[in-house]
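A short write-up of the structure that comes next.
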Amino acid sequence: MFDLTFWLPVMCGGLIAGGSSGLLGVFIVGMRIPFLGVCVAHAALAGAVFGSLLGLTGQALLIPALLGAVATALALGLLDPRRTRMDDNVLLGFLFSFTMGLAFLGIGLFGVLGRSDNDVRSLLWGSLNFCRWRDVWLMLGAAAALAGYVFTFFKELRAILFSREDALAAGIHAPAVWTGFLILAAATLTVNFQTVGGLMIYSLITNPAAAAFQLVKGFRRALVLAVVLGAASGLGGFLISAATDLPSGATIVLLSSVFVALAGLARTSFKRWTASGAGR
Amino acid sequence: MNAPVIELRNLQVRAGKRTLLDLDRFQLGAGETVTLLGPNGAGKSTLLRCCLGIQPPASGEVRVLGQRLSELGFLAATRLRRVIGYVSQFPPVQGELPLTVREVVAIGRTGLAGVFRPLRAEDWRIVDEWLERLGAGHLAQQAFSELSGGEQRKVMIARAMAQEPRLLLLDEPTANLDLGWRERMVETIQNLVEQTQLAILLVCHEIEVIPPGCHRVVLLHEGRIMADGSPESVLSHQQIQSLYGPGLAVLHNRGRHAVVPACSI
């Protein structure tokens, strides 16, 4: 029997995680920095590990996790690629390895100190099926802050997405706007990771944006479609899982992958149709 | 007399121990079109980036539109860049990014519109006007990533012109273009010279790209100015041979110039 009171927050969680990840994906895929998700996850893990070692427990660990993720976002946004002579992906690779090293060092200390690291693990690798209303409100808050920021700095972010250097040269406050976006992206990713898990978030960052890029022209349309496809993957994947008794994470990931395949097919068919002259 | 649009004095730019630029003095006057010519690594692009304030010099003074760049804070430097149109050497690699041509040109209006304000109808009118003036109006709704290299270069110039700049910096606008597109770009730049009162600083390393309306040519070699004067006086056989090697000669015809093997004339 499908108990709506139990599953409603799960469905809302899937919807919000899908939508906010789809929104983030437009920038992450568009700027070719897919490593951002992994990097932020490990920075959050490092923050949570050291928070736990300092005596924090349970949901309070979200605070040091957020601090770790935001510190990484700040480093990525404020370090000038021309001065560091590293492009964003190399810098992300460095930050990823550094934060991963810190996280594993901290996890090693749990053993040395004879303490349990269960709190840390459960915080960062949650499952959608255990999403409750408190998590939903947290995710909604992060998603709303991100959406508000994108709405406010819509034209600046469009320019940055095209080229950070060109945006700077055209008199746009590119470093400040981009750093602000990265901070909100890190916060959204951390909240989503701890609620619905990493595998699902990685796929929801990449797939809806990739499908939207295949189907539409224009920044606004791509944003809207990526959010819709992300939300549809999150909710639709869960409903398929509920109907078939399959794992929800897997069905969500696979549904978002199907969207990419269908978008690719649609684009190829449309090109063939217009090339054959039928579309004129 | 009008103050120079660009004025560089005792400028040195270094990368580690290597000197990229070492100039005693360089000026670009209002309404003047100057071409910076020189082989790869001569410091041409570095000079443009200094004028934009995104390449800090090791020493010396850079004045652009009457403002000393070293005295400008971040916000003032950002405001100054809004009236400088800059076209970089290569358009950004776009992959599958679905930005339309119109959206790309609108980047030129983004800084001017101000933070927290959307682009107004007037901004979009200017965007459309420059697309039409550069003969790219029919591309407005196409994805920028689907254009040819030459079309992309034109759109990038439209983006810079949409800023309604007082200074236009063009960094090798014909790099990697075929002969047909190269000539179309020269024509586009010539039209800008004739139709606007802009100060234009053009960087190239092919003398064939110099537009007929160019007032001065500055030869750069290893970061230093070798010659500065009218195109005909600077582009002599001797100068070109000292820069690019022996066996070369220069042809001049109606403001256009070409390098040919000396044995062919």
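Values in this document were obtained by computation on a predicted structure and should not be read as measured data.
Taking CG of L161(A) as the reference point, atom CD of E103(B) lies at 9.5 Å (rounded to 0.5 Å). From L99(B), atom CG reaches atom OG of S163(A) across 11.0 Å, with rounding to the nearest 0.5 Å. To the nearest 0.5 angstrom, T100(B) atom OG1 is 11.5 Å from F219(A) atom CZ. With rounding to the nearest 0.5 Å, the separation of CD1 in I107(B) from CD1 in I172(A) is 6.5 Å.
Contacts classified as side-chain hydrogen bond (donor to acceptor under 3.5 Å, both in side chains) and involving residues 56-67 of chain B (residues at least two apart or in different chains) are given here: E61(B)-R63(B).
No side-chain heavy atom of L97(B) sits less than 4.5 Å from a side-chain heavy atom of M31(A).
The number of heavy-atom neighbours closer than 6.0 Å to CZ of R221(A), taken from other residues, nucleotides and ligands shown, is 12 or below. The number of heavy atoms from other shown groups lying within 6.0 Å of CZ (F270(A)) does not exceed 12. Annotation: Q195(B), atom CD; neighbour count of heavy atoms from other residues, nucleotides and ligands within 6.0 Å is above 12. Other residues, nucleotides and ligands place more than 12 heavy atoms under 6.0 Å from the CZ atom of F74(B). No more than 12 heavy atoms of other residues, nucleotides or ligands lie within 6.0 Å of CZ in R166(B), so this atom counts as exposed by the packing criterion. By the neighbour-count criterion of 12 heavy atoms within 6.0 Å, atom OH of Y149(A) is densely surrounded, having more than that number from other residues, nucleotides or ligands.
Proximity to chain B is limited to the backbone of R220(A), based on heavy atoms less than 4.5 angstrom apart. Of the atoms belonging to A77(B), not a single heavy atom falls under 4.5 Å from chain A. Only the side chain of Y86(B) comes within less than 4.5 Å of a heavy atom of chain A; its backbone N, CA, C and O stay farther away. Contacts of E146(B) with chain A are made by side-chain atoms alone, with heavy-atom separations under 4.5 Å and no backbone atom involved. Contact annotation for R159(B): only side-chain heavy atoms (C-beta onward) come within less than 4.5 Å of a heavy atom of chain A.
Note on T110(B), L75(B), I84(B), V83(B): by heavy-atom pairs under 4.5 Å with chain A, the leading option is T110(B).
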Taking it one step at a time, do V115(B) and F153(A) satisfy side-chain contact (heavy atoms from CB on, under 4.5 Å)?
-> CA-CA 7 Å; V115(B) 185; F153(A) 295 103; 3.5 Å; yes
Q | CA sep, side-chain torsions, deciding dist, call: L119(B), R158(A), side-chain contact (heavy atoms from CB on, under 4.5 Å) | A | CA-CA 12 Å; L119(B) 295 183; R158(A) 179 173 59 194; 3.6 Å; yes
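The nearest pair of heavy atoms linking L168(A) to R81(B) is O-CD, 3.2 Å. For R82(B) against H173(A), the heavy-atom pair with the smallest separation is NH2-NE2, 3.3 Å. The shortest non-hydrogen separation linking E156(A) to G114(B) is OE2-O, 3.9 Å. Smallest separation of non-hydrogen atoms from K155(A) and F116(B): NZ-N, 4.3 Å.
Among residues 206-216 of chain A, the residues having any heavy atom closer than 4.5 Å to a heavy atom of chain B are, in sequence order, F213(A), V216(A).
Ion pairing between a basic and an acidic side chain is recognised when a charged N comes within 4.0 Å of a carboxylate O; E165(A) and R49(B) show such pairing.
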